[in-house]
Amino acid sequence: IPLVPAAQPINPVSFAFASGSTQVRFDGSSERMGIAQAAAPLRLHLGCSGAAPPRPTSLRVGVGFGSHARRKGGRRRNPPRAASSLHPSSNPRAHDHEPALKPPAPAPAVDVAGRDLNGAADHAPQQRRRAASDLEEEAWALLRESVVSYCGSPVGTIAACDPNDSSPLNYDQVFIRDFVPSGIAFLLKGEYDIVRNFILHTLQLQSWEKTMDCHSPGQGLMPASFKVRVVPLEGDEEGATEEVLDPDFGEAAIGRVAPVDSGLWWIILLRAYGKCSGDLSFHERIDVQTGIKLILKLCLADGFDMFPTLLVTDGSCMMDRRMGIHGHPLEIQSLFYSALLCAREMLTPEDGSADLIRALNNRLMALSFHIREYYWLDKRKLNEIYRYKTEEYSYDAVNKFNIYPDQIPPWLVEWIPPEGGYLIGNLQPAHMDFRFFSLGNLWSIVSSLATTRQSHAILDLVEAKWSDLVAEMPLKICYPALEDQEWKYITGSDPKNTPWSYHNAGSWPTLLWQLTVACIKMNRPEIAARAVEVAERRISTDKWPEYYDTKRGRFIGKQARLFQTWSIAGFLVAKLLLENPEKSRILCNNEDEEFANAFNLMADSCNPNRKRGRKAPKKTYIV
């Protein structure tokens, strides 16, 4: 409650009304567009015994929860509650069946001494602390309810666990990227087994044969998701069954796009597990080392591209639908850079790794220079682009990518703040995507892909544009939305990605944890704390939605799933890290001093206004 200086008169009526709050509830449902039901599961045996479960079920959710029952037609019902959860006081979903809550009474007006106008002490801070504690307890109960077991051991969390959802589609699968905040939450809580099991089982899935239309991708590809299925035991006439893992590498996804980010997130989570658990010998296992190398070889393979950035198709990351990010999207580059740094830290020195480490270092150097130099945008850089000359044919061209100034969108001229800046979403010949993409910019801070100055400028922009990027629910996945003809042309008139919805500038609570890590790293945790406070006001009442719609994030998304696991886990990770900021080091990468010096030398050499006669650096860097 804001404090009013004693010198100012207090209006008890207006002040009390201003400090009150009203809770509004919305309901919604959706389907996750990304992966369709697989027709025939792949048989994958990962050391699970052939003992028959008591019922022919395929997915066990939660610790101590029963198996799914089957409906007519073979569809599964949502997981039943534990016996203790039937009591309203212990059931995190109990408010689903309660009548609508009345708006809380306005808080009493207070003076600067923290007492109300009648002289009573103000207890609002203690009440808020209790409410926050209850919210975290509810979140943990929901997160544990989403846990998936395989052969008696936890191996991940399903994407969403809504008990009223009769058609979960692929939301009952374990997604690699979705599990990362869940895994981080369990690590911060000291529960390491589920993360270790997840890493090892997905590692074995990596080598599984994957084919679509007679074509097989690279061997290091990680699946987008997997599902635990129960199938009849082959050759057994008594009806015995066994559990198998059924992976999806994109062959069942809408659009049939391979998940490029899965392997990158896997490496990042692997490093976080070692740092948090202290089990650094886990990285040295032969199978783990082989998995890291397969991912690196797939990412570092030679191709036709002239740029050090990773070339991908649309829909190959968190934005898994057509959103005009094909080419070199910032999200993939920031995760790529972070994964390269993590892998270099974990690779064991041996003769077979020398060439790989050399290629890795060269790519890191070139990638950091390319992103910092050509993706960065602030008011000064925008003015420079505005004055670009085009059709420059020379090695010393200023406008290297032949960007036409008319590409600058009108909204950007007024939107860019005097102080602050960001990394643009994409860069290709004659094309700049000027949209602000939250995950790419935040992870550029976390991974040190952005310089210290650029990192602070990104957070300055978040503060300056709070009403656009946070507003009533953090955080916009991108800004602004594609509208009108641009939406029709770029998304193909996607009915799920309508303006200010879903991936088209929807608000995603899961991004809270990336924001928190970035803010803590730059010693500005108050920004993240402010965003968490915004989310706390309604996310539980709204039943933990997947995303929110409208410019200010006012409505629950029209197709958003409720009790979305990574919304729950993202909130928990943000709270845990704000309580223990030093634990964010398991995710952060520090800038290499050698890289920083080399970057400064390369920046000087690329400056068209540099003085002649400057001595070349003694050490050569391949860029």
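Throughout, residue positions are numbered sequentially from 1 according to the sequence presented.
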Exercise. Hey, what's the ring geometry for H503 with W508, parallel, tilted or perpendicular (30° and 60° as the breaks)?
Worked result: parallel
For this session: Could you tell me whether E483 atom CD has more than 12 heavy atoms of other residues or ligands within 6.0 Å of it?
Result: yes
Exercise. Is it the case that Y548 and D542 place a side-chain donor and acceptor less than 3.5 Å from each other?
Worked result: yes
Exercise. Is there a donor-acceptor contact under 3.5 Å linking the side chains of S447 and W443?
Worked result: no
Problem set entry | Test item: I325 and R435 side chains (from C-beta on) under 4.5 Å apart, heavy atoms | yes
Exercise. So which heavy atom on R538 is nearest to which on R554, and how close?
Worked result: NH2-O, 2.7 Å
Exercise. Looking at F175 versus W566, is the centre-to-centre ring distance below 6.0 Å?
Worked result: no
Seminar exercise, completed: In this structure, CD1 of I371 is separated from CG of L427 (nearest 0.5 Å) by 8.0 Å
For this session: Please round to the nearest 0.5 Å and tell me the distance separating atom CE of M473 and atom OG1 of T550.
Result: 11.0 Å
For this session: Mind listing the closest non-hydrogen atom pair of G183 and V195 along with its distance?
Result: O-CG2, 3.5 Å
Exercise. Between K558 and T498, do the side chains contain an N or O donor and an N or O acceptor separated by less than 3.5 Å?
Worked result: yes
For this session: Could you grab the distance from atom SG of C317 to atom CG of L439, nearest 0.5 Å is fine?
Result: 8.0 Å
Problem set entry | Heavy atoms of other groups near R585 CZ, more than 12 under 6.0 Å | no
For this session: Might you point out which heavy atoms bring N441 and F437 nearest each other, and give the distance in Å?
Result: ND2-O, 3.0 Å
For this session: Check D460 against E419 and note the closest heavy-atom contact, atom names and distance.
Result: CB-O, 4.3 Å
Problem set entry | Spacing of CG belonging to L382 relative to CZ belonging to F434, to within rounding of 0.5 Å | 6.5 Å
For this session: Look only at the side chain of S225 and the backbone of D248, and say whether a donor-acceptor pair between them is shorter than 3.5 Å.
Result: no
Problem set entry | Atom pair CG (L515) and CG (L511), whose distance is rounded to the nearest 0.5 Å | 8.5 Å
Exercise. When rounded to the nearest 0.5 angstrom, what distance separates CG in L377 from CD1 in I385?
Worked result: 5.5 Å
Problem set entry | More than 12 heavy atoms from other groups under 6.0 Å of NZ on K551 | no
